[in-house]
Amino acid sequence: MRKTDKKIDNQIRQVLTQVCEIALNEYSGFQWLTHTVNYSDFPKSLQVICVFDTHYNLNRFMASVERDTLSKLIQTKLFSIKVTIDSRQVCYNCEDNRNKKLH
């Protein structure tokens, strides 16, 4: 990882930590989030994965307007550090499905 990639990654982690703190208080069953990225194809390769505790809470969240709200919060926070992503780059998952990405 290049020095500039590390700097960007640190900024991403900082804003996503802010999102995580908000989401923990706002969304029932939300547990944590993470990101993956390949800096040779940045920002198109950036994926943010939001993880919920149970299938029930995940399904309830996915069927609500809260999904759009959280996605927009992630996009806004990333935009504040000049990183633009599409809502399709935000994935949702359940702790029971850690190896599967759900949209």
Side-chain angles (χ1 to χ4, degrees):
M1 188 183 280
R2 297 175 307 176
K3 188 175 181 177
T4 56
D5 296 342
K6 287 181 183 182
K7 183 179 178 182
I8 294 168
D9 201 62
N10 284 335
Q11 291 175 322
I12 291 170
R13 281 189 286 117
Q14 287 175 348
V15 298
L16 291 181
T17 296
Q18 294 170 7
V19 171
C20 187
E21 290 171 3
I22 293 167
L24 284 167
N25 291 316
E26 296 292 324
Y27 306 112
S28 180
F30 178 86
Q31 296 296 298
W32 49 278
L33 59 77
T34 190
H35 73 284
T36 61
V37 64
N38 175 353
Y39 282 102
S40 65
D41 192 24
F42 181 78
K44 290 191 306 184
S45 67
L46 178 61
Q47 289 273 305
V48 178
I49 302 113
C50 301
V51 180
F52 286 76
D53 57 354
T54 64
H55 288 289
Y56 174 79
N57 283 328
L58 175 61
N59 290 335
R60 201 174 92 233
F61 174 83
M62 296 296 283
S64 73
V65 296
E66 293 176 331
R67 177 183 179 180
D68 291 334
T69 304
L70 181 54
S71 180
K72 284 182 182 12
L73 175 63
I74 291 167
Q75 289 173 296
T76 300
K77 289 290 189 180
L78 288 170
F79 187 73
S80 74
I81 59 167
K82 298 177 177 63
V83 175
T84 304
I85 66 168
D86 185 286
S87 62
R88 293 173 290 183
Q89 292 172 262
V90 179
C91 302
Y92 300 91
N93 206 337
C94 177
E95 288 190 331
D96 295 339
N97 294 331
R98 286 189 190 172
N99 295 322
K100 299 176 187 173
K101 290 182 185 172
L102 305 176
H103 296 273

#### Entry: Contacts of type salt bridge (Lys or Arg N to Asp or Glu O under 4.0 Å), residue Asp53, not counting sequence neighbours
none
If we only count heavy atoms from C-beta on, is the [X] to [Y] side-chain gap below 4.5 Å?
X: Ile49; Y: Leu33; answer: no
X: Thr76; Y: Ile74; answer: no
X: Asn59; Y: Cys94; answer: no
X: Leu46; Y: Val83; answer: yes
X: His35; Y: Ile12; answer: yes

### Query
Thinking salt bridges, do Asp5 and Arg2 make one under a 4.0 Å N-O criterion?
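Salt bridge between Asp5 and Arg2, a charged N being under 4.0 Å from a carboxylate O: yes.
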### Query
Which heavy-atom pair separates Asn93 from Leu58 by the least distance, and what is that distance?
C-CD2, 3.7 Å
### Query
Between Tyr92 and Phe61, what is the ring plane arrangement, given parallel below 30°, perpendicular above 60°, and tilted in between?
tilted
Determine whether a donor-acceptor pair (N or O, by modelled atom type, separation under 3.5 Å) exists between the side chain of [X] and the backbone of [Y].
X: Gln75; Y: Ile85; result: yes
X: Glu95; Y: Thr54; result: no
X: Ser71; Y: Arg67; result: no

Run the side-chain donor-acceptor check on residues 15-28: report pairs under 3.5 Å with partners two or more places apart or on a different chain.
{"residue": "Thr17", "atom": "OG1", "partner": "Arg13", "partner atom": "O", "Å": "2.7"}
{"residue": "Gln18", "atom": "OE1", "partner": "Lys77", "partner atom": "NZ", "Å": "3.2"}
{"residue": "Asn25", "atom": "ND2", "partner": "Glu21", "partner atom": "O", "Å": "3.2"}

### Message
Are Ile8 and Phe79 connected into the same hydrophobic cluster when the rule is that any two of I, L, V, M, F, W, Y join if their side-chain heavy atoms are below 4.5 Å apart?
### Response
no
#### Entry: Path from Tyr56 to Met62 over hydrophobic side-chain contacts below 4.5 Å
no
[X] side, atom [atom1]; [Y] side, atom [atom2] - distance, nearest 0.5 Å:
X: Cys50; Y: Leu70; atom1: SG; atom2: CG; result: 4.5 Å
X: Gln47; Y: Arg88; atom1: CD; atom2: CZ; result: 10.5 Å
X: Ile81; Y: Gln14; atom1: CD1; atom2: CD; result: 8.0 Å

### Non-neighbouring partners of Tyr39 that pass ring pair (Phe, Tyr, Trp, His ring centres under 6.0 Å), sequence neighbours left out
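Counting only residues at least two positions away or on another chain, Tyr39 forms a ring pair (Phe, Tyr, Trp, His ring centres under 6.0 Å) with Phe42.
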